[in-house]
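For reference, the structure is listed below as structure tokens.
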Amino acid sequence: MFLGILCSIAYFAVYVARNILSTVTPQMIEGGSFTKEYIGEISSLFFVFYAIGQLLNGIIGDKIKARYMMSFGLLLSGITTIIFPYVADQQFGATFAYSMTGFFLSMIYAPMTKVVAENMIQIYAERCSFAYSLTSYLGSPMAGILASVFAWQSAFIASGVFLLIMAFLCFASLLFLEKKGLVEYNTFKKQKSASGGSIKLLLKRRIILFSIVAILTGIVRTTVVFWLPTYFHEYLGFSTDESANIFTIATLAIALTVFVTMAVYELFKRDMDITMISMFLLASVAFLGAFFISSPILNIIFIVIAILASNAAANILWSIYCPSLSDTGMVSTATGFLNFIGYMASSASSYIFAYMVESTGWKIIVFVWFILMAIGAFVTIPYKKIFKKH
């Protein structure tokens, strides 16, 4: 239980840091010193470095203790987060600091999932994963609160200090758990059927399908959420302060994703396929509703439902599928890989969306979001199960 709480708070700190730039973007643009394109480029590079870091640190995380990976990731990202506001007006300095923040933050999730998967039985590992998924959603509204209370520079500094505190707490806590024998590493029992190797076992476990899910849901949970405050401000006509406050409320509602996922998953008798396809369909319908309905309140409701549903599909991937891979010995590697491709897609989409808004407007962007979720519904149809029945 203590391990689950520690991971949840650490991941909460990660998501506060990740969402700070998103929530203060309207402030930065309104100040006149920054443009959407400039911030879009910085955020895009952040996701590139975060994605590459997920891949590299995922592989390393299968070989190095989570105590070192998590604590040093939190420590170094805390330092670069604090540095960012001091160099934000210098293109090279801002790009370097924020990109490195992305890389250092990528040191946490995959090793954390590995230590949870290998030290808990499956059902408790799932519950623990759901717990830190919940805190990740709460990171967005906390970032919104910081943006509404502080000037954007102070919001970055506050987030960086939080990361530093968690770095020392993670190191000390995991060291204590290791000495007590409550946390061990590489305790998995590899499946005898994995004679072709771990990679073949991952292919058998449909990692290609889940890679597509990672890409589609990654764009929504990362890029779409990133641009929400700006969407509220520019498309729906709210002030920057109102946009930050609405973002806080919206992301609090989106945090219910965890409970929705658990409920739907149990309703469909723990069937991953049916749960994912139903959530992708709901997200498609909701984005389509946001496309046709321009009333601000209704539009926000549809957008929130769409993101919530997409995130529920993502929760199946991160909280059910990844922890189930403990017998492959590649939990960290597989999790890092899936994060890598998801965030590479997010990076590309963040850059593309920033320029599309200027040329086509927000309405077309919403329709693109609908298309992505419709693709998700199509690819997650359990064709093999259907054909077997017939």
Side-chain angles (χ1 to χ4, degrees), residues 6-31 33-34 38-54 57 67-109 111-112 135-136 138-173 222 225-226 229 244 247-248 251 343 347 350:
L6 177 68
C7 291
S8 296
I9 299 174
Y11 208 45
F12 175 65
V14 169
Y15 266 76
V16 172
R18 277 187 38 171
N19 285 283
I20 286 295
L21 181 60
S22 169
T23 56
V24 301
T25 290
Q27 275 190 53
M28 295 173 73
I29 293 173
E30 196 172 59
S33 300
F34 304 94
Y38 178 73
I39 293 173
E41 288 172 4
I42 293 174
S43 68
S44 180
L45 283 171
F46 171 93
F47 291 132
V48 168
F49 276 76
Y50 190 79
I52 294 171
Q54 287 286 354
N57 291 317
R67 168 161 50 100
Y68 297 114
M69 295 295 291
M70 291 176 66
S71 58
F72 280 102
L74 290 163
L75 175 67
L76 295 172
S77 61
I79 293 170
T80 52
T81 298
I82 291 171
I83 290 173
F84 177 78
Y86 295 100
V87 297
D89 58 348
Q90 304 167 26
Q91 176 118 22
F92 176 79
T95 301
F96 180 77
Y98 203 58
S99 296
M100 293 312 297
T101 298
F103 183 84
F104 295 139
L105 286 175
S106 73
M107 296 173 67
I108 291 127
Y109 184 74
M112 182 173 70
T135 59
S136 73
L138 295 176
S140 297
M142 176 54 71
I145 291 170
L146 291 177
S148 62
V149 172
F150 298 113
W152 68 266
Q153 297 93 334
S154 299
F156 270 99
I157 293 170
S159 173
V161 170
F162 187 18
L163 289 169
L164 294 179
I165 293 170
M166 286 309 304
F168 292 107
L169 185 59
C170 271
F171 189 89
S173 299
T222 303
V225 172
F226 177 88
F247 179 79
T248 301
T251 48
Y343 283 108
S347 173
S350 182

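All values derive from a computational prediction rather than experimental measurement. Side-chain atoms are counted along with the backbone in the values below, which use heavy atoms only and exclude waters and symmetry mates.
The backbone N or O of A147 sits less than 3.5 Å from a side-chain atom of Q27, completing a donor-acceptor pair. In this structure, S43 contributes its side chain and I39 its backbone to a donor-acceptor pair below 3.5 Å.
Remark: S77 OG to M107 CE distance equals 9.0 Å, nearest 0.5 Å. To the nearest 0.5 Å, the span separating OG on S71 from CG on L169 amounts to 11.0 Å. Expressed to the nearest 0.5 Å, how far OG of S173 lies from CZ of R67 amounts to 11.5 Å. Note: I9 CD1 to L6 CG = 7.0 Å, rounded to the nearest 0.5 Å. Within the model, atoms CE of M166 and CG of L75 stand 12.5 Å from one another, a figure rounded to the nearest 0.5 Å.
Contact of the L45 side chain with the Y50 side chain is not registered, since no non-hydrogen atoms from C-beta on lie closer than 4.5 Å. Residues M69 and M112 form no side-chain contact, since every pair of their non-hydrogen atoms from C-beta on lies 4.5 Å or further apart. L74 places a side-chain heavy atom less than 4.5 Å from the side chain of C170. Counting heavy atoms from C-beta on, the side chains of L163 and I79 never come closer than 4.5 Å. F103 places none of its side-chain heavy atoms less than 4.5 Å from the side chain of L76. Counting only heavy atoms from C-beta outward, the side chains of F226 and T25 approach each other to under 4.5 Å. Contact check for Y98 versus F156: side-chain heavy atoms found under the 4.5 Å cut-off. Between Y109 and V14, every side-chain heavy-atom pair lies at or beyond the 4.5 Å cut-off.
For the pair V24 and A155, the tightest heavy-atom approach, listed with the atom from each and the gap, is CG1-CB, 4.2 Å. Closest non-hydrogen pair, W152 versus A88, comes out as CH2-CB, 3.5 Å. The nearest pair of heavy atoms linking S106 to N57 is OG-ND2, 2.9 Å. Closest approach of T251 and T248 over heavy atoms only: OG1-O, 3.0 Å. In terms of heavy atoms, T81 sits closest to G160 at CG2-N, 3.8 Å. The heavy-atom pair separating I42 from F84 by the smallest distance is CG2-CE1, 4.4 Å.
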Checklist entry - Given the rule in the side-chain contact (heavy atoms from CB on, under 4.5 Å) test, do V225 and F247 qualify, once you have shown the distances and angles that lead to the verdict? => result CA-CA 9 Å; V225 172; F247 179 79; 3.9 Å; yes
Item to check | Full working for side-chain contact (heavy atoms from CB on, under 4.5 Å) between E41 and T95 | outcome: CA-CA 8 Å; E41 288 172 4; T95 301; over 6 Å; no
Next on the checklist: With side-chain contact (heavy atoms from CB on, under 4.5 Å) as the criterion, how do Q91 and Y38 come out once you've worked through the C-alpha distance, each side chain's angles and the decisive distance to 0.1 Å?
Outcome noted: CA-CA 9 Å; Q91 176 118 22; Y38 178 73; 3.7 Å; yes
Item to check | Derivation and outcome, side-chain contact (heavy atoms from CB on, under 4.5 Å), residues R18 and T222 | outcome: CA-CA 9 Å; R18 277 187 38 171; T222 303; 3.5 Å; yes
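Between F96 and F92, the angle of the ring planes stays under 30°, which puts this pair in the parallel group of the 30/60° scheme. Below 30°, between 30° and 60°, or above 60°: for Y68 and F72 the angle between ring planes is below 30°, a parallel geometry.
Residues T135 and S8 have side chains that never bring a donor and an acceptor to within less than 3.5 angstrom of each other.
For an aromatic pair to be called close, the ring centres must be under 6.0 Å apart, and F104 with F49 fails this.
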